[in-house]
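From a predicted model like this one, the values you see are computed outputs, not experimental measurements.
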Amino acid sequence: MPTELENKELIEKLPKEGVHCYPANPSKITRNRVLSVLFCILGVFLVFIGLLKVSDNIIKIALLVVGGLSTIISILVFAQSFLIAKFRVAVDYNEKNVVLRYRYSKIAIPFENFDGRDGTPDQAEALIDKNFKKDATYYLVLDDVFEDACYQTSSSDLESVDDFKQLREECFAIAEAYGARNSKDKVKFYYEKDLAANDTGSTDLDALVEEAKAEKKADDEAAAQKREEEQAAREAEEAAETSEESVSDDSSEEKTDEE
C-alpha cells in the first residue's frame, strides 16, 4: 500500500521483477554438516550405552536425555544446512519482500516496512573477529521497522564478500526508496531512544557528534587552563618561600655582624 514516505523516482529505479538469492557461506555449511554428523553419532552412542550398559536409573536417564537431545538437534542442524545453501537472504522483487531464513522459518519483510543499515558485532563476535579472523567482517541489519525484532547478517554468513556488498547495496536502495525508516510510527530501539532522550533540538546525528566533540574540547581547554593556574600558583608560592628564606638569611648575617 503506497504511503507518503515513498519516493516514486527511486522506486522506479528498482528492478520490477525477479528474485535475488544470497546463499550461505559454503565453509559454514560444510562445518555444520560435519559437526552435526559427529554429534549425532555421539548422541546415538550415549543412548546405546544408556540402554544396554548402565544399570543405575539416574545415570541411564541422564545419558538418554543428553544423547536424545544431541541426536535430535544434530538432525535439525544437518537438515537446515540444505535450506540455507539455497539462500540465506533473498530480495524478492515480485512480491516486494526481503526474505531471510531464521532456523526453519522464512521471514518476509515487506519493502514498505523495511530498513537496511550497517550493523555492529556483539562482544563475542568482536572478540572472534579480532583474534581469529584475518579478513574484516561486515554486518548488515535487516529490520522491519514496525516490529520489535530485527535481524542481522554478515559478510561471513554469505557465500562471498561480493554477495554481501551487493545485498547491502540493494537493501539500502530499497530502504531509501520506500522510506519506512523515516516513519514516526516505527519501533525505536534502545540506542535510538537514548538519542531521543538526550536530543537538545537537533535530529542530525552528525550535529550531535560535533556537539559532543565541542563539549569535550571545551572541557579539555578548561582542564588545561586549571592546570596552568595551579602551576602558576605553585611557582608563586615557591618564589615567596625563596624570598622569605633570602630575607631570613640576610637578617642573620646582619645580626652576626653587629655582634
Side-chain angles (χ1 to χ4, degrees), residues 10-11 13-41 70-145 147 149-178 180-181:
L10 294 178
I11 290 175
K13 293 179 182 179
L14 297 175
K16 300 296 181 291
E17 58 183 16
V19 180
H20 296 174
C21 295
Y22 298 92
N25 187 329
S27 63
K28 282 194 171 184
I29 293 173
T30 302
R31 184 192 63 192
N32 289 350
R33 288 175 182 172
V34 171
L35 290 176
S36 61
V37 169
L38 292 176
F39 277 102
C40 185
I41 293 171
S70 178
T71 302
I72 293 169
I73 292 171
S74 298
I75 292 171
L76 292 174
V77 171
F78 187 80
Q80 190 209 25
S81 69
F82 291 93
L83 297 177
I84 61 176
K86 295 178 181 178
F87 75 87
R88 181 79 167 73
V89 183
V91 182
D92 186 349
Y93 290 101
N94 297 325
E95 300 295 329
K96 303 292 187 292
N97 290 325
V98 175
V99 184
L100 61 145
R101 286 198 179 276
Y102 180 72
R103 296 175 184 168
Y104 279 87
S105 302
K106 281 200 305 185
I107 299 168
I109 305 174
F111 285 177
E112 59 264 24
N113 294 6
F114 178 75
D115 183 21
R117 57 184 182 274
D118 289 320
T120 55
D122 59 26
Q123 290 183 350
E125 289 171 331
L127 189 63
I128 291 171
D129 291 347
K130 182 179 179 181
N131 296 297
F132 300 103
K133 289 186 179 179
K134 295 181 180 178
D135 300 325
T137 303
Y138 306 99
Y139 296 84
L140 177 66
V141 174
L142 309 170
D143 182 19
D144 184 333
V145 302
E147 298 291 337
C150 66
Y151 306 89
Q152 181 164 273
T153 190
S154 71
S155 54
S156 64
D157 290 334
L158 302 182
E159 192 169 36
S160 68
V161 175
D162 288 338
D163 273 2
F164 177 85
K165 289 179 179 177
Q166 184 179 341
L167 173 64
R168 179 181 181 275
E169 185 178 333
E170 287 193 72
C171 289
F172 279 31
I174 291 167
E176 189 68 24
Y178 283 86
R181 59 170 64 149

In Å and rounded to the nearest 0.5 Å, what is the [atom1] to [atom2] distance from [X] to [Y]?
X: L142; Y: R117; atom1: CG; atom2: CZ; answer: 9.5 Å
X: D157; Y: L140; atom1: CG; atom2: CG; answer: 10.5 Å
X: Q166; Y: C171; atom1: CD; atom2: SG; answer: 10.5 Å
X: K106; Y: L83; atom1: NZ; atom2: CG; answer: 9.5 Å
X: E176; Y: K13; atom1: CD; atom2: NZ; answer: 10.5 Å
X: F164; Y: N25; atom1: CZ; atom2: CG; answer: 13.0 Å

*Please list, chain by chain and in numerical order, all residues satisfying side-chain hydrogen bond (donor to acceptor under 3.5 Å, both in side chains) with N97, sequence neighbours excluded.*
none
_Partners meeting side-chain hydrogen bond (donor to acceptor under 3.5 Å, both in side chains) with R33 (sequence neighbours left out)_ = S81
Could you check whether any side-chain heavy atom of [X] comes within less than 4.5 Å of a side-chain heavy atom of [Y], counting everything from C-beta outward?
X: E159; Y: P26; value: yes
X: L100; Y: T153; value: no
X: I73; Y: F39; value: no
X: D115; Y: C150; value: no

*For T120, does its backbone N or O pair with a side-chain atom of Q152 as donor and acceptor, under 3.5 Å?*
yes
*Is there a donor-acceptor contact under 3.5 Å from the side chain of N32 to the main chain of I29?*
no
Which atom names give the shortest non-hydrogen contact between [X] and [Y], and what distance separates them?
X: S155; Y: V161; result: CB-CG2, 4.5 Å
X: S74; Y: C40; result: OG-N, 3.3 Å
X: A108; Y: P110; result: O-CD, 3.6 Å

*Is it true that atom OH of Y102 has more than 12 heavy atoms of other residues, nucleotides or ligands lying nearer than 6.0 Å?*
no
_By ring pair (Phe, Tyr, Trp, His ring centres under 6.0 Å) - contacts of F111 (at least two apart)_ = Y93, Y178
*Who are the ring pair (Phe, Tyr, Trp, His ring centres under 6.0 Å) partners of F87, not counting sequence neighbours?*
none
_Non-neighbouring partners of D162 that pass salt bridge (Lys or Arg N to Asp or Glu O under 4.0 Å), sequence neighbours left out_ = none
*Set of salt bridge (Lys or Arg N to Asp or Glu O under 4.0 Å) partners for R168, sequence neighbours left out*: D118
*asked:* I need the single residue from L10, I11, V91 that forms a side-chain contact (heavy atoms from CB on, under 4.5 Å) with I174. Which is it?
replied: V91
